[in-house]
Structures are given as structure tokens and as C-alpha cells.
Amino acid sequence: MAAFTVALVLVGVAAGLLRWRRPAWYWMTFGVTLASLRVLARYASVMDACGLTVPPSRWRLALARMTNRPVPESRPPRILRLRPTRTGLVLRLGLRPGQDAFDIAAASDRLRHSFSMYGVTSRELRSGVVEVRMTGYDVLKRVQMPAKVDTRPMRVPVALREDGSVHYRDYRAIPHALTLGATESGKSVYQRNLVAGLAPMDVALVGIDCKQGVELFPLGRRFSALADNPDTAAELLDALVARMEGVYQLIRAEQRITAAVPDAEIAADIWDLPGHLRPVPVVVLVDEVAELALFASKEEEKRRDRIITALVRLAQLGRAAGIYLEICGQRFGSELGKGITMLRAQLTGRTAHRVNDETSANMAFGDISPDAVLAAIQIPAELRGLAIAGDSTGGWHRIRAPHTSLRQAVNTCNRHADRTPDLPELTPFRPELTATAATAVPLSKTAPATA
């Protein structure tokens, strides 16, 4: 008996230490079993307390009166499946007549407290079936991506959602995106994860980094074209527009619209073309978009209008030609000038890290969801990498990308440098990869001392 008590105490201490220091290990060893038993034991009473039950049907009441039995109790939604995961539990519920998926979503916070879980979210799978995802610990505190992810062409796993699922950047589904974030908010790490995920794929990367290239030029071995100032960016965007027009001419030539060709074989974008004719898709990453929109003279204003016009044209017409935009910046507002809101309207995917003003959050989510705006401006400064991701459907999630250092991203790009395609239209903008001798640059106006 004494040995059993000592063993029980040791197990309790081990569980407490794991829950404190390694919540993921605790969940996989102890938490998932305790949480499953707790959910099953409390399910009926919790649903009744949260108002998620329906009264018995008339035929059940009539049967109870005929057989002189007690009145049947109210019924909660049916449990169709309870599935444990590496971060929590997935509960699939079958709704009773008269219930709605919104009822489950509205009660998610009460379910979180009642089941003693860290977070609860719900979504409707189909009519009458709702999936409730419950997380057992804070998965965004220490992001650990799963070992196996669903990778497809032009689909990159970039972050982890608060419900434990993987957040993907799917260019086939959402061709263009806007990413905002203040200094030290984690925007650059998100961008590195994106580049590192695209590096092993058959895709051309084009970068515009007006911070003299300090963010993207270290990754240059995997980029087909790079620009580090607005003048070069204007020429590069014009070359991309010319490439887009050439791809459309190719699609027109290969459409084969005749009565003898089935509709499924008629080409409308590059993905309908045969593999040997399909042009390589291009992902354009624009860092600090505000630098492209600012001007201080008439000549710079003309350049600015040229750049914004090219970006809008690529956003409106580039998807079918396989050109996708990733627009990043610290600030994005209507004060950047004409064409900015038109560009914003074409950027379906929206991601906002911590921002310094509500206007930027409104530009990201104001036309999508007011709740997402409120969530974006409440991101604490100490949680770097935490972001709100949404799209034009109105749905949004809290996400956090795993920390990827610049060294790790550079190593990934160098390892896959042989996949960098050589596009003739972009040859003048191919980054120089030859090593040059390091020269000392004075950091002040004082002349260096000589011996």
C-alpha cells in the first residue's frame, strides 16, 4: 500500500511538472485521457446548462402519457464522433431539429469553461453536422508544426492556428494576399516561412525590397529577380506585366475551342495547359509597400503611379497567368494615394500582426469582419509572431508562425537554388551572386584615422 501511494505521488508530481514545463507532452500522456472522460461525463449537463438542448418531441410525450412513464428529458445534440488529436479533442455533433450551428458557436466560451479546455471553436461541416475543436493547452505559446502536413503544389504550411490545425497559404485558392505588421511584430519571420516553404516547389520567386534588400537579398539564390529601390521595382513590374500578356497569348493559342474538344480540355489559365507548355508560376513578394507609394517630387509621383498601376493590373489579371502577389508592409492606408484601395480590394487573403494604429487594421479587415479588427489591435507586443488571418468570406483565425531565423531560411534557399528558373523577361533583374571583397563603410562623417 505504501509503495502504491509513493508511485501515485510520483505520477502526480510528474504530471504537474509536465503540465508546467512541457504542456504538449502532458497532453499526450495524461491530458487527452482526462479530458475525454471529463467531456463524456459532463456532456449532458453542460449542454443543458448552456441552453443547447431541445424539448422532447410530441410523439415521445404522447408515448410517455400512454405508458404512464415520466416526462422525457430534453435532448442534447448527438455525439457522432470524439477524436483525440495532438493538441486537443475534435467533437462532431449531430444537431437536433430546431438547433442551428450559430447556437454552438455562440456558446463556445461557455463550453470552454465547462469542459476545462483552453479554447473551443466550431464550424459547420454540412447541414445538421457541426465540428467542435477543443484545444487542451496554448498551442501558440510554443509553436510546433506537425511532422506530416498536407502539401500540394502552390500550397505552403506557414503557421499554426489556435485550434491546433495548420494554416496554409494556398495560392490556387487565394491568389493574392496582404500582410501587415509593425516593427518587431513577427512579419519578417512569417515572410521567411513563406519563402522557405516555396523554395522546394517549381515556382519562380520575384522580390521587391526597398530597404536596400536587407530582408530578401540574403535569400537571392532562390530568387529569379530582385529589386532594391523604387526605380528598379517600376521596371521589374513592367516586365512582369509584359510576361503576363505573353502568357495570355499562349493560353489563347492553346485553348482549342472546337466542337470536337470536350469542355474539360479548354484552357482558361496556365493550370489547364499541358505540362510541357505550362509556364512556371511566379510569386511576387513586395516588402514595405509604402515605400513604393511615397513621393516627394513630380518625377517620383509619375513613378509611383506607374508602380501602383502595374500592381493593380497584376492583382486583377495575374491569377490566370500564374502570377501571385504577396504585399507586405508596416502601414497600409488610403493616405498612400489613389489606387491603394483598388489594390486592397484585389488582395483576398489578409494577415495582420500587431499594428500601431486602428486604421491599418481596418484596411486589413474592415470590409471583412469587425471582430477581426478588434482582435488585431489587441495583440500584445510581447507575443511576436501572433497574427490574425482572414479572407473575403468573413472567417478569421489567430495564427502564429514557428520561429525561423534568417540563417535557416538562407540555408533552405541555397539548398534548393537549382530549382530557380531563368525567365527571359526577368534576366536583367537576376540578383548578382558573385562574392565581392568586403569594404569598410564609415558610419559617421568623421574621417577614419590613419596610421
Side-chain angles (χ1 to χ4, degrees), residues 171 175-180 191 204-217 220 223-251 270 279-350 359-360 363-364 422-432:
Y171 289 93
H176 312 301
L178 172 66
T179 303
L180 299 178
Q191 193 175 30
L205 299 180
V206 174
I208 298 176
D209 183 3
C210 289
K211 293 190 298 187
Q212 298 299 312
V214 296
E215 291 287 348
L216 297 181
F217 269 72
F223 276 75
S224 299
L226 281 171
D228 62 353
N229 60 79
D231 291 325
T232 308
E235 298 175 3
L236 175 56
L237 291 173
D238 288 341
L240 286 171
V241 171
R243 173 182 171 81
M244 178 182 67
E245 295 171 351
V247 172
Y248 277 124
Q249 292 297 324
L250 174 63
I251 295 174
I270 67 168
V280 62
V282 179
V283 175
V284 184
L285 294 102
V286 180
D287 193 31
E288 300 303 342
V289 66
E291 287 296 319
L292 300 178
L294 297 177
F295 62 90
S297 64
K298 287 293 184 181
E299 291 300 322
E300 291 183 357
E301 184 179 7
K302 293 180 181 178
R303 181 194 65 198
R304 180 256 179 216
D305 293 342
R306 176 182 165 194
I307 290 174
I308 298 302
T309 301
L311 284 174
V312 171
R313 292 190 65 190
L314 290 173
Q316 291 182 153
L317 307 174
R319 181 205 61 82
I323 298 178
Y324 309 103
L325 296 182
E326 284 287 341
I327 307 295
C328 304
Q330 299 182 30
R331 182 79 175 86
F332 196 84
S334 56
E335 70 275 2
L336 295 180
K338 60 182 180 180
I340 288 297
T341 54
M342 184 185 301
L343 176 62
R344 193 271 308 256
Q346 302 296 328
L347 305 177
T348 306
R350 312 285 176 82
T359 304
S360 294
M363 286 295 287
D422 189 8
L423 307 182
E425 304 91 343
L426 306 181
T427 300
F429 309 98
R430 189 72 182 261
E432 294 290 340

ask   = Are any of the side-chain heavy atoms of Val282 and Leu423 separated by less than 4.5 Å?
value = yes
ask   = Counting N and O atoms only, with roles assigned by atom type, does the side chain of Thr309 sit under 3.5 Å from a partner on the main chain of Arg306, one being a donor and the other an acceptor?
value = no
ask   = Taking atom CE of Met244 and atom CG of Leu314, what is their separation to the nearest 0.5 Å?
value = 5.5 Å
key: Distance (rounded to the nearest 0.5 Å) between Cys210 SG and Leu294 CG   = 10.0 Å
inquiry  = Does Lys302 have more than 12 heavy atoms from other residues, nucleotides or ligands lying within 6.0 Å of its NZ?
reply    = no
key: Crowding at CZ, Arg304 (>12 non-hydrogen neighbours, <6.0 Å)   = yes
inquiry  = Between Arg303 (side chain only) and Pro230 (backbone N and O only), is there a donor and an acceptor less than 3.5 Å apart?
reply    = no
key: Min side-chain heavy-atom separation Pro279-Arg243 under 4.5 Å   = yes
task = Write down the atom of Ala239, the atom of Leu426, and the distance for their closest heavy-atom approach.
result = CB-CD2, 3.9 Å
query = Do Phe429 and Val206 have side-chain heavy atoms sitting under 4.5 Å apart?
reply = no
inquiry  = For Arg430, I'd like to know if atom CZ has over 12 heavy atoms of other residues, nucleotides or ligands within 6.0 Å.
reply    = yes
query = Checking side-chain contact (heavy atoms from CB on, under 4.5 Å) for the pair Phe295/Asp305: CA distance, chi angles, key distance, verdict?
reply = CA-CA 10 Å; Phe295 62 90; Asp305 293 342; over 6 Å; no
query = Which heavy atom in Leu343 sits nearest to a heavy atom in Ala315, and how many Å separate them?
reply = CD1-CB, 4.1 Å
key: Stepwise side-chain contact (heavy atoms from CB on, under 4.5 Å) test for Gln316 and Met342   = CA-CA 10 Å; Gln316 291 182 153; Met342 184 185 301; 4.3 Å; yes
request  = Carefully, step by step, assess Glu245 and Leu317 under the rule side-chain contact (heavy atoms from CB on, under 4.5 Å).
outcome  = CA-CA 9 Å; Glu245 295 171 351; Leu317 307 174; over 6 Å; no
note = Here the pair of heavy atoms bringing Glu326 nearest to Val283 is CG-CG1, 4.3 Å
message = I need the Leu237 CG to Leu292 CG distance, nearest 0.5 Å.
response = 7.5 Å
request  = Please report the closest heavy-atom contact between Tyr324 and Arg319, naming both atoms and the distance.
outcome  = OH-O, 4.1 Å
ask   = Does the Thr232 side chain pair with the main chain of Asp228, one donor and one acceptor, at a distance under 3.5 Å?
value = no
Approximate separation, where rounding is to 0.5 Å, of Asn229 CG and Glu235 CD = 8.5 Å
message = Before you tell me yes or no, could you show the steps for Met363 and Thr341 under side-chain contact (heavy atoms from CB on, under 4.5 Å), namely the whole-Å CA-CA distance, both residues' side-chain angles and the distance that decides it to 0.1 Å?
response = CA-CA 8 Å; Met363 286 295 287; Thr341 54; 4.2 Å; yes
request  = Search all heavy atoms of Arg350 against all heavy atoms of Ala364 and return the closest pair with its distance.
outcome  = NH1-O, 2.6 Å
remark   = All heavy atoms of Ala225 vs all of Leu236, minimum pair found to be CB-CD1, 3.8 Å
Side chain to side chain, Leu325 and Val286, heavy atoms closer than 4.5 Å = no
query = At what distance, to the nearest 0.5 angstrom, does SG of Cys328 lie from CG of Leu178?
reply = 8.0 Å
ask   = Counting N and O atoms only, with roles assigned by atom type, does the side chain of Asp209 sit under 3.5 Å from a partner on the main chain of Val214, one being a donor and the other an acceptor?
value = yes
